[in-house]
K.L.:
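The structure that follows is given in the form of structure tokens.
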Amino acid sequence: MAGLVTVVVLLVAMVVAVPVAKRFGFGAPLGYLAAGLAVGPAGLGLVTNVEAIGHASELGVVMLLFLIGLELRPARLWVMRKSVLGLGGAQVGVTAALVAGLGILALGMPVAAAVVAGFGLALSSTAMALPMLAERGLLANQSGRNAFSVLLFQDLAIIPAVALLPLLGSGSAPSTGNPWVAVAEGALAVVAVLVGGRFLLRPLFRIVDRAGAPEIFTATALLVVIGTAVLIEEAGLSMSLGAFMAGVLLSDSEYRHEVQADIQPFEGLLLGLFFVSVGMGADLPALMEHPLRFAGLALGVMAAKALVLVVLARLAGVPLAGAVRMGAVLSQGGEFGFVLFGLAVAGGSMAPDQASAAMLVVTLSMIATPFVFAGSERWLVPRLLVKPKRPFDAIHSDGAPVIICGFGRVGQVVGRVLRMRGIPFTALEKSAAQVDFVRKFGTQVYYGDPTRVDLLRAAGADKARILVVALAEMEESLRVVEMARRHFPNLTVFVRARNRWHVHQLMDRGVDNIVRETFDSSLRLTAGVLRELGVEEAEVTRSLETFRAHDERTLIRQHAVHHDEGRLIQTSKQAAEELQSLFEADREEK
């Protein structure tokens, strides 16, 4: 019963803290940390078995690395080898040397303890950095890929670090025998996982899939993740590395997406629990006794790591904005630092109070990182991304009757048909790259922002008959429509609409000529499906026309209530029932 009460307390803390943190733009990890601080021994004291929760929550990091491995095919890993070994290796080496040197010179630490602290604090938190990048959609860009490369090298670097700890220790080592034997055992374990996984994983999932039991498939996925992690840990390596390798081995299989869907819910909850355990384990009494000292140490480590990352990223050719983003997101200490400091105490290379202080610095840096990253993304990175603006083209209107705003996929089709008919038009496009690309094919397009009234006037909006708004951004298209209604009432406006919300916004502004960009193509696709199923052509035409007419009536009816979500949902349900009745009545007539 006590265990269930603990679970309830943890869930309540997470449910309350995480939405609040995300509401203020700091991301989920900070919410989890705050929840841990609140309910842990140093907070309200509602949860005290921190060590047990910490062990269970390590599975969250393991599953995170497994899912990352699923996204990284071996060919992609080979492409990333330079950034992993070059940028990642340089970051760990330079940061560890810098932090160790500061520990010896400024804090008077023994050499062995300073080396362990330097390496441990050089590591960043994969569990924190990747979710923060993913929340902002940054994993796919250059800075996100480079950040992942650094994190991957750090995960690999923990292997020799743990094996070499006995060389620095003065007491009982965490492992016995020659440390190089431990390295060899780890290497053999990696080879065994790679070879065994290569030939066993697909046949295993194939057999389980044929059984037709979804719960056993989920159990098999969990077995692969946890089993590989435990096997690798028994060889003295990182559990996360084992899970990562298992993910990579499955990344090319036909079961990748199904496995990912099964593992993701466990990963999210357990990863949150990991951050909760970090928050609960914070040594708040020591922090309260020397707040300025520990805050200064945490900020100093973060500043040193960020500076090293920015310099190395710039040397690697990363733009300044991307380098700053990497420095901000990787400036904290990592979860492997806790492991390393604990082993260092057992091996005699760090005193318990030194390890406790280092762990507190890691925790404080984790708490500070969401604030630092959110601040850099809001105020610093946007300013660094600003580039010198290319001046807009001087527009020389020759009285064309049609103006096309936006010359992307939709605008180009309109322009090609008009040109085929010999009808002149003036095209405005705000993307300089798109303008340069289209001009290669001999089409005259002007570089300019169609949301500016002076450019529209220069394009001949006072005398033109038709304005085609084919902009991809909904807010921009609405601004153009409002401007045209106010300044150029002579224009008949045709607008590309992205979705039903966009249609309703355009209807609010009095636009009648609205074309939903995917509606007609979706109907044509449906027609092909029906024909392939053997439905007669007359029936295909009647079904699609019935659906089209009903959907357009529903769209008009919903316009009156589109500001009320409850009534909008109700009308959608009613419309679905009406459409079902129409088709049933049509079948009965036959």
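These numbers were taken from a predicted model, which means no experiment stands behind them. Nothing fancy with the numbering, it's 1 onward along the sequence.
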K.L.:
Considering residues, nucleotides and ligands other than Arg548, do more than 12 of their heavy atoms fall under 6.0 Å from its CZ?
P.N.:
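Yes, the 6.0 Å shell around CZ holds more than 12 heavy atoms from other groups.
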K.L.:
Between Met14 and Tyr32, is there a side-chain heavy-atom distance shorter than 4.5 Å?
P.N.:
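Side-chain contact under 4.5 Å: yes.
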K.L.:
Is any side-chain heavy atom of Asp209 closer than 4.5 Å to a side-chain heavy atom of Arg206?
P.N.:
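A side-chain contact under 4.5 Å is absent here.
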K.L.:
Below 4.0 angstrom, N of the basic side chain to O of the carboxylate: do Glu539 and Arg542 qualify?
P.N.:
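Answer for the salt bridge query: yes.
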K.L.:
Measure the CD1-CG distance between Ile466 and Asn490 for me, rounded to the nearest 0.5 Å.
P.N.:
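Rounded to the nearest 0.5 Å, the CD1-CG separation comes out at 11.5 Å.
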K.L.:
Can you run down the side-chain hydrogen bond (donor to acceptor under 3.5 Å, both in side chains) pairs that involve residues 315-328, sequence neighbours left out, and say none if there aren't any?
P.N.:
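Qualifying pairs, neighbours excluded: Arg325-Glu377.
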K.L.:
Is there side-chain contact between Thr369 and Val329, with at least one heavy-atom pair below 4.5 Å?
P.N.:
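A side-chain contact is absent here, since even the closest heavy-atom pair is not under 4.5 Å.
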K.L.:
Any donor-acceptor pair under 3.5 Å linking the side chain of Ser376 with the backbone of Phe373?
P.N.:
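Checked: pair present.
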K.L.:
When you measure from the side chain of Ser543 to the backbone of Val540, do you find a donor-acceptor pair of N or O atoms at a distance under 3.5 Å?
P.N.:
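No, Ser543 side chain to Val540 backbone: no donor-acceptor pair under 3.5 Å.
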K.L.:
A side-chain contact here means heavy atoms from C-beta on lying under 4.5 Å apart; do Thr126 and Gln154 qualify?
P.N.:
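No, their side chains stay 4.5 Å or more apart.
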K.L.:
Which is it for Leu87 and Phe153 under the side-chain contact (heavy atoms from CB on, under 4.5 Å) test, yes or no, and what are the steps along the way?
P.N.:
CA-CA 9 Å; Leu87 187 57; Phe153 182 87; over 6 Å; no
K.L.:
Please answer whether the main-chain N or O of Met132 pairs with a side-chain N or O of Arg136 as donor and acceptor at a distance below 3.5 Å.
P.N.:
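Not a single qualifying donor-acceptor pair exists.
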K.L.:
Rounded to the nearest 0.5 Å, how far apart are OG of Ser124 and CE of Met326?
P.N.:
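Spacing of OG (Ser124) from CE (Met326) equals 9.5 Å.
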K.L.:
Would you confirm whether Lys430, through its side chain, and Gly406, through its main-chain N or O, come within 3.5 Å as a donor-acceptor pair?
P.N.:
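Here the side-chain-to-backbone pair does not exist.
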K.L.:
Compare all side-chain heavy atoms of Val468 with those of Arg496 and state whether any distance is below 4.5 angstrom.
P.N.:
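Not in contact.
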K.L.:
Does Arg439 come within less than 4.0 Å of Asp393, counting only side-chain N to carboxylate O?
P.N.:
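So Arg439 pairs with Asp393 through a salt bridge.
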K.L.:
Within the structure provided, determine whether Met474 and Gln505 are in side-chain contact (heavy-atom separation under 4.5 Å).
P.N.:
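Of all side-chain heavy-atom pairs linking Gln505 with Met474, none is under 4.5 Å.
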K.L.:
Can you measure from CD1 (Ile395) to CG (Asp454) and round to the nearest 0.5 angstrom?
P.N.:
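Answer rounded to 0.5 Å: 8.5 Å.
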K.L.:
Tell me if a side-chain donor or acceptor on His502 pairs with a main-chain N or O of Arg498 at a distance below 3.5 Å.
P.N.:
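Yes; at least one donor-acceptor contact below 3.5 Å.
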K.L.:
Are Leu467 and Leu456 side-chain neighbours, meaning at least one heavy-atom pair lies under 4.5 Å?
P.N.:
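The answer is yes, as the side chains (C-beta and beyond) meet within the 4.5 Å cut-off.
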K.L.:
Could you give me the CA-CA distance, side-chain angles and deciding distance for Leu309 and Gln91, then say whether side-chain contact (heavy atoms from CB on, under 4.5 Å) is met?
P.N.:
CA-CA 6 Å; Leu309 276 163; Gln91 183 273 329; 3.5 Å; yes
K.L.:
Does any pair with a residue in residues 407-428 pass side-chain hydrogen bond (donor to acceptor under 3.5 Å, both in side chains), and if so which ones, sequence neighbours excluded?
P.N.:
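Non-adjacent pairs meeting side-chain hydrogen bond (donor to acceptor under 3.5 Å, both in side chains): Arg419-Thr443.
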K.L.:
Would you call Asp449-Arg479 a salt bridge at under 4.0 Å N-O?
P.N.:
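Salt bridge between Asp449 and Arg479, a charged N being under 4.0 Å from a carboxylate O: no.
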K.L.:
What's the shortest heavy-atom distance between Ala306 and Gly327, and which atoms?
P.N.:
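Closest approach of Ala306 to Gly327: CB-O, 3.6 Å.
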K.L.:
Using 30° and 60° as the class limits, which term best fits the ring planes of Phe392 and Tyr447: parallel, tilted or perpendicular?
P.N.:
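If you compare the ring of Phe392 with that of Tyr447, the planes turn out perpendicular.
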K.L.:
Out of curiosity, Leu471 CG to Glu429 CD, how far, rounded to the nearest 0.5 Å?
P.N.:
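Separation between the atoms: 8.0 Å.
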K.L.:
Any side-chain heavy atom of Leu384 within less than 4.5 Å of one from Val324?
P.N.:
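Result yes, sub-4.5 Å side-chain heavy-atom pair found.
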K.L.:
For atom CD of Glu532, is the number of surrounding heavy atoms from other residues, nucleotides or ligands below 6.0 Å larger than 12?
P.N.:
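No - once you tally the heavy atoms of other residues, nucleotides and ligands closer than 6.0 Å, there are 12 at most.
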K.L.:
Would you give the length of the straight line joining atom CZ of Arg531 to atom CD of Glu536, rounded to the nearest 0.5 angstrom?
P.N.:
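Here the rounded value is 13.0 Å.
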K.L.:
Quick one: pull up CG in Asp551 and CG in Leu523 and give me the separation to the nearest 0.5 Å.
P.N.:
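It is 8.0 Å, given to the nearest 0.5 Å.
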